Amino acid sequence: MQGGCRDSKALRLGVNVDHVATVRNARGGDYPDPVQAAKIAEKAGADGITAHLREDRRHIRDRDIVRLKESLSIPLNLEMAATEEMLSIALKYTPKAICIVPERRQEVTTESGLDVLGQLTKLKEYIKPLQNAGCRVSLFVGTAPEQIAAAAQAGADVIEVHTGPYCHAFNDNQGDVASELKKITQAAEQATQLGMEVHAGHGLNYKTTRIMAQIEHIKELNIGHFLIGEAIFIGLDAAVKQMCIAIRQQ
């Protein structure tokens with residue numbers, strides 16, 4: 001994997017292929033194929049592939065999950081809401097990793113972290129069968145200490161910190177950059193102390209990734225929209241390789 005992430009000791013890169021499926025679904029056919037995109041990302045050095053199976057199937061479809069599981073030699077991370085339908089699908093296909101995210105049908109993209117504290121009992125029971133089936137379970141959370149503590153109480157193996165507020169502050173001047181970065185750093189430290197691995201994602205680009213890579217306790221970054229957008233101009237292979245370089249150039 002010369003030029004990719006897996007030939008270094010840097011943190012891992014997960015590539016989200018949802019928006020390849022978004023383009024495909026705009027015309028209702030089979031092209032472009034998110035599975036082909038996942039294979040390109042894998043060859044370019046990605047450490048994992050993420051796909052979000054939404055209730056309304058707006059991008060990834062059930063068949064995509066089957067084909068991704070069959071086609072990849074790197075882990076598949078299935079993003080999903082905590083519904084009975086998604087639990088059934090996850091237990092049927094048992095991807096290596098599950099990331100439980102909040103989901104509202106009217107949202108354009110995932111807008112916030114899970115309210116773990118507000119649904120702690122439900123999530124405790126929801127996570128158990130997934131872990132018993134061999135899936136590593138992550139909860140997508142904000143930086144509030146009480147939510148991270150609740151994630152540990154729920155039994156999560158991993159938290160994925162929502163980096164959207166930081167990226168908005170960095171790229172769009174919509175917030176205090178230093179304050180948001182401090183919150184992420186403290187969240188990563190807290191989660192590590194509680195025995196959970198720390199991932200991060202949402203809105204990351206080359207510049208913000210270089211900064212995230214400096215946070216000691218973050219072990220994986222999951223990036224999708226920016227990489228698929230960048231692929232329009234330079235190709236997915238080049239975009240993934242460039243992101244791996246960004247990860248190494250801390």
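Side-chain atoms are counted along with the backbone in the values below, which use heavy atoms only and exclude waters and symmetry mates. Predicted model, so just to flag it, every value in this text is computed and none were measured.
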Any side-chain heavy-atom pair of Arg248 and Ile245 under 4.5 Å: yes
Under 3.5 Å: donor-acceptor pair, side chain of Thr208, backbone of Asn205: yes
Nearest-0.5 Å distance that lies between atom CD1 in Ile247 and atom CG in Leu13: 4.5 Å
Electrostatic pair Glu70-Arg67, nearest N-O below 4.0 angstrom: no
Heavy atoms of other groups near Asp30 CG, more than 12 under 6.0 Å: no
Salt bridge flag under 4.0 Å for residues Arg54 and Asp56: no
Distance (rounded to the nearest 0.5 Å) between Ile89 CD1 and Thr94 OG1: 13.0 Å
Any donor-acceptor pair under 3.5 Å from Lys96 side chain to Gly48 backbone: no
Salt bridge (Lys or Arg N to Asp or Glu O under 4.0 Å) partners for Lys69, two or more places apart: none
Hphob cluster co-occupancy, Ile218 + Ile211, side-chain heavy atoms under 4.5 angstrom: yes
Which atom of Ile74 lies closest to which atom of Asp47, heavy atoms considered: CB-O, 3.6 Å
Same apolar cluster: Ile232 and Phe226, side chain cutoff 4.5 Å: yes
Donor-acceptor contact below 3.5 Å, side chain Gln147 vs main chain Asp115: no
Please tabulate, for side-chain N and O atoms in residues 152-160, each donor-acceptor pair with protein atoms closer than 3.5 Å (sequence neighbours left out).
| from | atom 1 | to | atom 2 | distance (Å) |
| --- | --- | --- | --- | --- |
| Asp157 | OD1 | Gln131 | NE2 | 3.4 |
| Asp157 | OD2 | Gln131 | NE2 | 3.0 |
| Asp157 | OD2 | Val137 | N | 2.9 |
| Glu160 | OE1 | Asn222 | ND2 | 3.1 |

Nearest-0.5 Å distance that lies between atom CG in Leu130 and atom CG in Leu78: 9.5 Å
Gap between atom NZ of Lys39 and atom CG of Asp33 - 0.5 Å precision: 8.0 Å
Geometric class of the His162/Phe140 ring pair [parallel <30°, tilted 30-60°, perpendicular >60°]: tilted
Nearest-0.5 Å distance, CD1 of residue Ile228 to CG of residue Asn16: 7.5 Å
Pair Glu42-Ser73, side-chain hydrogen bond (donor to acceptor under 3.5 Å, both in side chains): steps then yes or no: CA-CA 8 Å; Glu42 177 180 17; Ser73 60; 2.2 Å; yes
Side chain to side chain, Met212 and Ile215, heavy atoms closer than 4.5 Å: yes
Distance-minimising heavy-atom pair for Pro95 and Cys135: O-SG, 3.2 Å
Worked verdict on Ile127 versus Leu139 for side-chain contact (heavy atoms from CB on, under 4.5 Å): CA-CA 10 Å; Ile127 287 170; Leu139 299 180; 4.2 Å; yes
For Tyr126 against Ile100, the heavy-atom pair lying closest together: CD2-CD1, 3.7 Å
Thr192 side-chain N/O to Ala188 backbone N/O, donor-acceptor pair under 3.5 Å: yes
Hydrophobic cluster identity match, Met243 and Phe233, side-chain contacts under 4.5 Å: yes
CA sep, side-chain torsions, deciding dist, call: Glu230, Gln242, side-chain contact (heavy atoms from CB on, under 4.5 Å): CA-CA 10 Å; Glu230 190 74 353; Gln242 186 63 36; 6.0 Å; no
For Met86 against Ala81, the heavy-atom pair lying closest together: CB-O, 3.4 Å
Heavy-atom closest pair, residues Tyr166 and Glu180: CA-CB, 3.7 Å
Verify same cluster id: Val23, Ile49 (apolar side-chain graph, 4.5 Å): no
Distance-minimising heavy-atom pair for Thr163 and Ala200: CG2-CB, 3.7 Å
From CD (Gln214) to CG (Leu181), nearest 0.5 Å: 8.5 Å
Hydrophobic cluster membership, Ile98 vs Leu87, 4.5 Å side-chain cutoff: yes
Without placing hydrogens or testing angles, list every side-chain donor-acceptor pair under 3.5 Å for residues 59-66, not counting sequence neighbours.
| from | atom 1 | to | atom 2 | distance (Å) |
| --- | --- | --- | --- | --- |
| His59 | ND1 | His52 | O | 3.3 |
| Arg61 | NE | Asn25 | OD1 | 3.4 |
| Arg61 | NH2 | Asn25 | OD1 | 2.9 |
| Asp62 | OD1 | Arg57 | NE | 2.6 |
| Asp62 | OD1 | Arg57 | NH2 | 3.3 |
| Asp62 | OD2 | Arg57 | NH2 | 3.2 |
| Asp64 | OD1 | Arg24 | NH1 | 2.9 |
| Asp64 | OD2 | Arg24 | NH1 | 3.3 |
| Asp64 | OD2 | Arg24 | NH2 | 2.8 |
| Asp64 | OD2 | Arg61 | N | 2.8 |

